[in-house]
Chemist: 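Please see the structure below; I have some questions.
Note: hydrogens, waters and symmetry copies are ignored here, and every other heavy atom, side chains too, is used. This is a predicted model, so every value here is computed, not measured.
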Number of protein chains: 2
Amino acid sequence: MELAEARQQFIQSWGVMGSQWGINRTMSQVHALLLISEEALCADDIMAELNISRGNANMNIRALLDWGLVYKHFKAGERKEFFVAEKDLWTAARKVIKERKKRELEPVLDMLETLNSTEFTGDEEKVRQFSKRVADVRTFARQSDKLLSGIVKSDRKWFLGGFARLFGK
Amino acid sequence: MELAEARQQFIQSWGVMGSQWGINRTMSQVHALLLISEEALCADDIMAELNISRGNANMNIRALLDWGLVYKHFKAGERKEFFVAEKDLWTAARKVIKERKKRELEPVLDMLETLNSTEFTGDEEKVRQFSKRVADVRTFARQSDKLLSGIVKSDRKWFLGGFARLFGK
DNA sequence: AGAAACTTTCAATAAGTTTTGAAAGTTCAT
DNA sequence: ATGAACTTTCAAAACTTATTGAAAGTTTCT
């Protein structure tokens, strides 16, 4: 198989996965491209490889920097900016978990805390039942938050090591 | 606070979270509505509560059944179908993980396995570097898959119990 | 200060996704 | 076999999100 073809396959597949998880397809593709690139790439390289406009490239590169998945890299004698991906995927995954937890889980958690400490007006029995459900969901969400925090704080060994001992007991 | 208002807040917030994770907003809202409903609801109840069309309600209820997050419920003497949510969120979460793993992680894993056992044509050094990157990503993806499988198989106690002992050691 | 090299912004447009609603399909009771 | 009750389908419309490209902005060099 041609190397170029294999690269495209990797980039496409990574893009599809991203879009299924609510991440802009182009952003995932830029990430994929940088992941498999040894050399730091500049905006023009990325535009050319992925066939996208300058604006689109710029916006998605900024987003990746923002997530901490890509770093700026300056080459001596070159004026433009180059970019490299965080190549350690465990580090990258932890950043994604941390960030999504903050952006997407915490607002729900806040809503649940608020509802949990509010008194409702309405049919007494219905209020009782609703409060019970909210409390259940809150417990679950807090537990999930705790689990994710633990993962973010844990080190590579935990991830690389066997998980067998962690479950079922 | 009015009970009705609180219900809307819960439903909206759950809908936003879903959409951020690549799940149709209406589907999350139907799920939220069923989660906080003691009684089983029929299509018309859901249409009325969420102000959506019959087609939309039907399509999203089917999807939730498909994910195993909602069950059909028949009421004696009633001809129409009623629906209830799986109220145990740990059970629901495991189903979601299992399903997303299958639908969204496994295709990437397959791509990585294929690329990993393919010889590439092209500049020798570039091929070597690309293969190394693919191997790295594959290792990470397999490890993630293993971790998720463990979670899916683990029991509630593991989730409810303290995670402290699991990390950092 | 001016010009070149580069990055960012943003309004217009394109692409993609979701929703609707009416028609077709199904099931069940008589 | 018919009709009422209910569910499913699907093409068209509405809505949302992503992308473009040209203009504006910034930085660096002489």
Side-chain angles (χ1 to χ4, degrees), chain A residues 11-12 14-34 39-67 70-84 100 103-104, chain B residues 11-12 14-34 39-67 70-84 100 103-104:
Chain A
I11 291 167
Q12 287 310 310
W14 205 251
V16 168
M17 183 176 60
S19 69
Q20 287 168 329
W21 285 85
I23 290 159
N24 178 323
R25 203 180 90 258
T26 302
M27 179 170 155
S28 299
Q29 290 181 341
V30 173
H31 184 225
L33 172 59
L34 289 171
E39 284 290 303
L41 304 182
C42 69
D44 290 276
D45 296 334
I46 293 168
M47 288 161 63
E49 283 256 20
L50 303 180
N51 259 280
I52 59 174
S53 71
R54 185 170 302 284
N56 196 10
N58 182 72
M59 144 169 286
N60 286 295
I61 291 166
R62 294 311 124 188
L64 286 165
L65 289 168
D66 201 43
W67 282 78
V70 162
Y71 307 117
K72 285 191 186 187
H73 175 96
F74 294 98
K75 286 194 181 179
E78 291 266 21
R79 202 152 131 198
K80 60 188 166 192
E81 297 179 315
F82 288 78
F83 306 95
V84 290
R100 297 201 80 155
R103 298 185 194 186
E104 298 153 13
Chain B
I11 290 167
Q12 287 310 310
W14 205 251
V16 168
M17 182 177 60
S19 69
Q20 287 168 327
W21 284 85
I23 289 159
N24 177 323
R25 202 179 94 259
T26 303
M27 180 170 153
S28 299
Q29 289 181 338
V30 173
H31 185 225
L33 172 59
L34 289 171
E39 283 290 303
L41 304 182
C42 68
D44 290 277
D45 295 335
I46 293 169
M47 289 162 61
E49 284 256 20
L50 302 180
N51 258 281
I52 58 174
S53 71
R54 185 170 301 284
N56 197 9
N58 182 71
M59 143 169 287
N60 287 295
I61 292 166
R62 294 309 125 186
L64 286 165
L65 289 167
D66 201 43
W67 282 79
V70 162
Y71 307 118
K72 285 191 183 185
H73 175 96
F74 294 99
K75 286 194 180 179
E78 290 266 21
R79 201 152 131 200
K80 61 188 164 192
E81 297 178 317
F82 288 78
F83 306 95
V84 289
R100 297 199 82 155
R103 297 185 195 187
E104 297 153 13

Chemist: Can you tell me how far C1' of C:dT19 sits from CD1 of B:I46, to the nearest Å?
Modeler: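 Value for this atom pair: 16 Å.
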Chemist: CD of A:Q20 versus C1' of C:dT17: gap in Å, rounded?
Modeler: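 Distance check: A:Q20 CD to C:dT17 C1' gives 15 Å.
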Chemist: Would B:F83 and B:L65 satisfy side-chain contact (heavy atoms from CB on, under 4.5 Å), going step by step from the backbone distance to the final call?
Modeler: CA-CA 9 Å; B:F83 306 95; B:L65 289 167; 4.0 Å; yes
Chemist: Please report, rounded to the nearest Å, how far the C1' atom of D:dC29 is from the NZ atom of A:K80.
Modeler: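 Answer to the nearest Å: 17 Å.
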Chemist: If you check the B:S53 side chain, which of D:dT7, D:dA18, C:dG21 turns out closest?
Modeler: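 Nearest to the side-chain atoms of B:S53, counting from C-beta on, is C:dG21.
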Chemist: Send over the distance from A:N60 CG to C:dT7 C1', rounded to a whole Å.
Modeler: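 Going from CG in A:N60 over to C1' in C:dT7 covers 15 Å.
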Chemist: Could you tell me the separation between the CD1 atom of B:I52 and the P atom of C:dT19, rounded to a whole number of Å?
Modeler: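 It is 8 Å, rounded to the nearest whole Å.
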Chemist: Less than 4.5 Å apart, side chain to side chain, heavy atoms only: is that true for B:W21 and A:W21?
Modeler: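 Yes. Closest side-chain heavy atoms under 4.5 Å.
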Chemist: Roughly how many Å is it from CZ in A:R25 to C1' in C:dT17, rounded to a whole number?
Modeler: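 Distance check: A:R25 CZ to C:dT17 C1' gives 14 Å.
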Chemist: So which protein N/O to nucleotides 8-10 of chain C N/O distances come out below 3.5 Å?
Modeler:
unit_1	atom_1	unit_2	atom_2	d
C:dT8	OP1	A:R62	NH1	3.3
C:dT8	OP2	A:N58	OD1	2.3
C:dT8	OP2	A:R62	NE	2.8
C:dT8	OP2	A:R62	NH2	2.6

Chemist: Between A:E39 and A:K75, is there a side-chain heavy-atom distance shorter than 4.5 Å?
Modeler: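 The answer is yes; the side chains approach within 4.5 Å.
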Chemist: Would you check if B:W67 and B:M27 make a side-chain contact, meaning some heavy-atom pair closer than 4.5 Å?
Modeler: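 A side-chain contact exists here, since the closest heavy-atom pair is under 4.5 Å.
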Chemist: Taking C-beta and beyond as the side chain, do B:N58 and B:R62 meet within less than 4.5 Å on heavy atoms?
Modeler: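 When only atoms from C-beta onward are counted, B:R62 and B:N58 do touch, with a gap below 4.5 Å.
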Chemist: So which nucleotide from D:dA18, D:dT27, C:dG21 ends up closest to the side chain of A:T26?
Modeler: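 Of the candidates, D:dA18 comes closest.
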Chemist: With distance as the sole test, does B:N60 use its side chain to make a donor-acceptor pair with the main-chain N or O of B:N56 at under 3.5 Å?
Modeler: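 A pair under 3.5 Å: yes.
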Chemist: A:I61 has an atom CD1; how far is it from atom C1' of D:dA18, in whole Å?
Modeler: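 For the pair A:I61 CD1 and D:dA18 C1', the rounded distance is 16 Å.
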Chemist: Does the side chain of B:F82 reach to within under 4.5 Å of the side chain of B:K72, using non-hydrogen atoms?
Modeler: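 Result no, sub-4.5 Å side-chain heavy-atom pair not found.
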Chemist: Rounded to whole Å, how long is the line connecting atom CZ of B:F74 with atom P of C:dC28?
Modeler: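 It works out to 9 Å between those atoms.
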Chemist: Heavy atoms only, 4.0 Å cut-off, all strands: where does B:N51 land among base, sugar-phosphate and nothing?
Modeler: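 Here B:N51 touches the backbone only, sparing every base.
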